[in-house]
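Since we're looking at a predicted model, the values are computed, not measured. First the proteins, then the strands, lettered A, B, ... as listed; each starts at 1.
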Amino acid sequence: MDESLKKDVNIDLDVLRHSTSHLMAQAVKELFPEVKVAIGPAIENGFYYDFDYPPGFTDNDLVKIEERMKEIVKKDIPIERKVLKKNEALDMFRNAGETYKLELIEAIDEDEVSIYKQGDFTDLCRGPHLSSTGKVGAFKLLNLAGAYWRGDEKNKMLTRIYGTAFQDEKSLDAYLQFLEEVKRRDHRRLGKELELFSIYDEVGAGLVVYHPKGAMLRYLLEDFERKEHLKRGYQFVVGPHILKLEMWKKSGHFDNYRDNMYFTKIDDIDYGIKPMNCLSHIMVYKSVIRSYRELPLRYFELGTVARHEKSGVLHGLMRVREFTQDDAHIFLRQDQLHEEILNIINFVRDTMKIFDFEYEMEISTRPDKFIGTIEDWDKAEGILKEVLIDEGIPFDVNEGDGAFYGPKIDIKLKDAIGRKWQCATIQCDFALPERFDLHYVDSDGKRKRPVMLHRVILGALERFMGVLIEHYGGKFPVWLSPVQVIIMNITDEQDAYVKSIYQSLVDKGIRTELDTRNEKLSMKIREGVVKKVPYMVIAGKKEMNSNTLTVRMRDGNELKDVRLDDFIERIQVDNISRR
RNA sequence: GCCCGCGUAGCUCAGUCGGAAGAGCACUUCCUUGGUAAGGAAGUGGUCACCGGUUCAAUUCCGGUCGUGGGCUCCA
């Protein structure tokens with residue numbers, strides 16, 4: 001499809017959704033006249049409207065509201081735009097008791113504002129809108145949620161109703177089916193079904209316990225990481241989990257990140273549990289005098305950090321309180337920045353390709369809480385932009401969203417069903433080298449200040465695993481499958497035969513399970529399918545007599561009369577080529 | 001942290017408008033040796049999240065705590 005055309009379709013859909021949101025507000029006002037309306041825009045996959053209604057709505061109310069909306073659609077009420085002076089509009093909404101609208105109008109800079117009227121319902125709105133309520137397409141109200149007025153937790157909590165709308169029933173159904181698919185792929189559900197991990201009340205919220213299959217997946221990712229980092233000139237370092245509070249004061253974490261940290265005391269000395277890995281890496285750098293010749297120094301650690309996340313944001317593996325980052329800190333000269341950032345971007349690119357992710361980049365600039373000088377910040381932001389522009393990589397800018405010590409490039413990867421996740425990030429830091437008085441001896445014999453890059457590729461292993469589980473829908477490629485092969489016999493006559501096959505595979509490092517239970521083959525296959533194991537090896541009388549295997553693959557296709565050596569080679573090729 | 005919902009067996013879920021707690025799967029045992037998504041039978045298993053209150057009686061009603069789900073806010 002032509003891009004411009006596609007865009008038009010999107011604009012139309014936005015208008016449709018926005019008008020559906022107004023339609024919902026009209027229905028709500030008719031059913032619950034005491035409700036005050038707040039704000040109701042179109043969003044990525046639908047729309048919402050925030051209402052101030054202290055008793056709150058129930059799921060039952062949603063059904064009623066939806067019915068009333070359909071009635072209003074049938075009446076095909078014209079939607080009319082009017083332009084009013086601000087004062088007139090203020091009077092109007094004041095008389096109607098719509099206090100939230102007053103706040104919105106007061107925030108508008110112009111002299112005039114537009115309002116949209118449909119029947120007895122009038123709303124402040126820039127528009128545009130459909131010409132009448134009958135033009136609204138297929139819609140469905142989805143869920144209720146609390147939302148702060150204007151997104152600020154100091155404000156009152158309103159009730160938000162989310163819905164979605166499309167031009168026709170077919171598109172709506174397709175979207176609802178997509179939501180079902182999202183549920184099927186949910187890593188929390190698959191995590192249980194595939195016995196990957198648990199989060200126990202008894203252990204604590206946001207704390208992950210890996211079961212054997214999940215631990216294997218994690219081990220495979222870690223192994224991958226170590227190999228890839230060694231290839232790219234990184235050195236491994238390992239730091240402690242707790243460091244003296246003094247260190248965190250010096251680094252600025254205590255002032256800027258304290259709310260997210262845990263603290264403890266040992267022999268009357270205060271310690272902080274690390275929320276980031278940088279401090280130990282800085283100590284390694286400082287341990288001897290550094291020459292300009294040895295830069296960049298790249299220190300890598302699968303570093304486990306603990307952060308106090310608010311209880312309401314915890315979510316499966318995606319948001320936890322203790323997680324392990326594939327973290328590295330690179331110490332380098334300013335003249336090396338461009339090239340090194342490019343190296344990291346290439347690292348990200350290569351990695352994302354292996355996992356079949358597309359991605360987008362975003363630059364985040366100086367936040368309100370920051371350390372260092374504005375000049376350094378501007379310099380760092382400039383270099384990040386320059387690299388992306390030079391490489392022709394498109395990016396968005398996220399103003400004020402940088403880390404407290406430096407601006408960053410965030411990489412948002414896109415999974416198999418089009419959702420975006422933030423994993424990799426590259427952060428440029430002039431501040432910590434200053435605070436810890438880092439230096440190197442330059443070619444002219446003078447001491448100079450190095451720059452630090454903080455970066456992760458997969459990000460947090462927990463989150464990355466969560467994303468991977470959903471991305472693959474639990475069907476991991478062979479190289480990442482916790483169990484690559486299940487061998488099943490048909491009767492116990494073949495016990496010795498399948499055991500010898502099992503041993504041969506295990507000897508080659510192939511992750512294999514043996515199913516010699518007293519069950520029918522169909523039962524064993526069913527369980528193999530449910531567990532999403534890539535290869536099922538069937539060995540009955542026939543195979544035993546011809547000394548071959550029958551291999552049933554995850555897609556249901558079958559390889560017959562396979563020689564054991566060929567099968568082993570096939571899996572080894574899968575492993576090496578990361579398929 | 002805040003708003004709303006939810007918490008019953010290992011899992012998925014019924015159920016009790018207050019009066020001795022149920023199913024399917026899983027697990028154990030027995031029968032069955034069966035060629036591509038559930039063979040049969042019997043059995044084990046629950047302080048109904050936790051703490052408190054109301055009541056003759058609470059898994060059920062009320063309050064609190066913890067956990068969890070959808071969001072807000074925040075972030076890897």
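Rounding to whole angstrom units, NZ of residue Lys310(A) and P of C75(B) are separated by 10 Å. A76(B) atom P lies 16 Å from atom NZ of Lys274(A), rounded to whole Å. Computed from coordinates, the Asp515(A) CG to U33(B) C1' distance equals 14 Å when rounded to whole Å. Rounded to whole Å, the distance from CD1 on Ile538(A) to C1' on G35(B) is 8 Å. Between the P atom of A37(B) and the CE atom of Met553(A) lies a distance of 15 Å, rounded to the nearest Å. Atom CE in Met488(A) sits about 14 Å away from atom C1' in G34(B), given to the nearest Å. Arg517(A) has its CZ atom 13 Å from the C1' atom of G39(B), to the nearest Å. One interatomic measurement links the two molecules: CD1 of Ile490(A) to P of G35(B), which rounds to 7 Å at whole-angstrom precision.
In this structure A38(B) sits in no base pair that meets the Watson-Crick or G-U test at under 3.5 Å. When both pairing distances are held under 3.5 Å, U33(B) makes no Watson-Crick or G-U pair with any nucleotide shown. Pairing for G22(B) is with C13(B), a Watson-Crick or G-U wobble pair whose two hydrogen-bonding atom distances lie under 3.5 Å. Under the Watson-Crick or G-U wobble criterion, with both distances below 3.5 Å, C72(B) is paired with G1(B). Using Watson-Crick or G-U wobble geometry with both donor-acceptor distances under 3.5 Å, C27(B) finds its partner in G43(B). With a cut-off of 3.5 Å on both pairing distances, U59(B) has no Watson-Crick or G-U wobble partner at all. For C66(B), the paired nucleotide is G7(B), the pair qualifying as Watson-Crick or G-U wobble because both relevant distances are below 3.5 Å.
Taking atom P on both nucleotides, A9(B) is separated from C48(B) by 10 Å, rounded to a whole Å. Between G53(B) and U60(B), the two P atoms lie 14 Å apart (nearest whole Å). Nucleotides A49(B) and G10(B) place their C1' atoms 16 Å apart, quoted to the nearest Å. Spacing between G22(B) and C17(B) at atom P, rounded to whole Å, works out to 15 Å. The gap from the C1' atom of U59(B) to that of C75(B) amounts to 39 Å, rounded to the nearest Å. The separation of C13(B) from C50(B), taken at their C1' atoms, amounts to 22 Å, rounded to a whole angstrom. The same atom, P, is picked in G64(B) and in G24(B); the two are 38 Å apart, to the nearest Å. Rounded to the nearest Å, the gap between the C1' atom of U65(B) and that of G7(B) is 13 Å.
Here Arg188(A) reaches the OP1 or OP2 of G69(B): one of its side-chain N or O atoms lies under 4.0 Å away. Regarding contacts with the backbone of U12(B), a side-chain N or O of Lys192(A) is found under 4.0 angstrom from either OP1 or OP2. Here His315(A) reaches the OP1 or OP2 of G70(B): one of its side-chain N or O atoms lies under 4.0 Å away. Applying the 4.0 Å criterion to OP1 and OP2 of U36(B), one finds that Ser522(A) has every side-chain N and O outside that range.
Checked against the 6.0 Å centroid criterion, the rings of His308(A) and Tyr262(A) qualify as a close aromatic pair. In this structure, Phe57(A) has its ring center under 6.0 Å from that of Phe32(A).
Atom CD1 of Ile417(A) sits about 13.0 Å away from atom NZ of Lys414(A), to the nearest 0.5 Å. Within the model, atoms CE of Met157(A) and CG of Asp52(A) stand 12.0 Å from one another, a figure rounded to the nearest 0.5 Å.
With U36(B), U68(B), C72(B) as the candidates, the nucleotide lying closest to the side chain of Arg160(A) is C72(B). Of the candidate nucleotides G1(B), G35(B), G39(B), G35(B) has the atom lying nearest to any side-chain atom of Glu543(A). Distance from the side chain of Tyr162(A) is smallest to C72(B) among C75(B), C72(B), A37(B). Residue Arg463(A) places its side chain closer to A76(B) than to any other of A76(B), G1(B), G35(B). Of the candidate nucleotides G39(B), U33(B), G1(B), G39(B) has the atom lying nearest to any side-chain atom of Lys520(A). With distances taken from any side-chain atom of Glu153(A) to the nucleotides G1(B), G34(B), G35(B), the minimum falls on G1(B). The side chain of Leu521(A) sits closest to U36(B) out of C74(B), U36(B), G71(B). Checking A37(B), A38(B), A76(B) against every side-chain atom of Thr425(A), the shortest atom distance belongs to A76(B). Among G35(B), A38(B), C75(B), the nucleotide with an atom closest to any side-chain atom of Lys541(A) is G35(B). Of the candidates C74(B), G35(B), A76(B), G35(B) carries the atom nearest the Lys542(A) side chain, counting heavy atoms from C-beta on.
Nucleic acid contact class of Lys412(A) (heavy atoms, under 4.0 Å, all strands): none. Within 4.0 Å of Asn143(A), counting heavy atoms only, lie sugar-phosphate atoms of the nucleic acid but no base atom. At the heavy-atom level, Glu193(A) lies nowhere under 4.0 Å from the strands shown. Across all strands, Thr550(A) comes closer than 4.0 Å to base atoms (heavy-atom distances). Val456(A) comes within 4.0 angstrom of no nucleic acid atom, judged by non-hydrogen atoms across all strands.
There is a side-chain donor-acceptor pair under 3.5 Å between Asp495(A) and Asn489(A). Using modelled atom types, one finds a donor on one side chain and an acceptor on the other under 3.5 Å when comparing Arg160(A) with Tyr162(A).
For Gly556(A) and Asp152(A), each mapped to the nucleotide of RNA chain B holding its nearest heavy atom, the one lying further toward the 5' end belongs to Gly556(A). Heavy-atom nearest nucleotides on RNA chain B were determined for Val530(A) and for Ser311(A), and the one closer to the 5' end corresponds to Ser311(A).
Side-chain atoms of Arg319(A) and base atoms of C74(B) include a donor and an acceptor less than 3.5 Å apart. If you check distances only, the side chain of Glu493(A) never reaches the base of U33(B) with a donor-acceptor pair under 3.5 Å. You'll find a donor-acceptor pair under 3.5 Å spanning the side chain of Glu309(A) and the base of A76(B), going by distance alone.
Remark: side-chain polar atoms of Lys101(A) are paired, donor with acceptor, to backbone N or O of Ala38(A) under 3.5 angstrom.
Using a 30° and 60° split on the angle between ring planes, Phe300(A) and Tyr234(A) fall in the perpendicular class, above 60°. Using cut-offs of 30° and 60° on the angle between ring planes, the pair Tyr472(A) and Phe476(A) is perpendicular.
The pair Glu193(A)-Lys532(A) does not count as a salt bridge, with every side-chain nitrogen at least 4.0 angstrom from each carboxylate oxygen.
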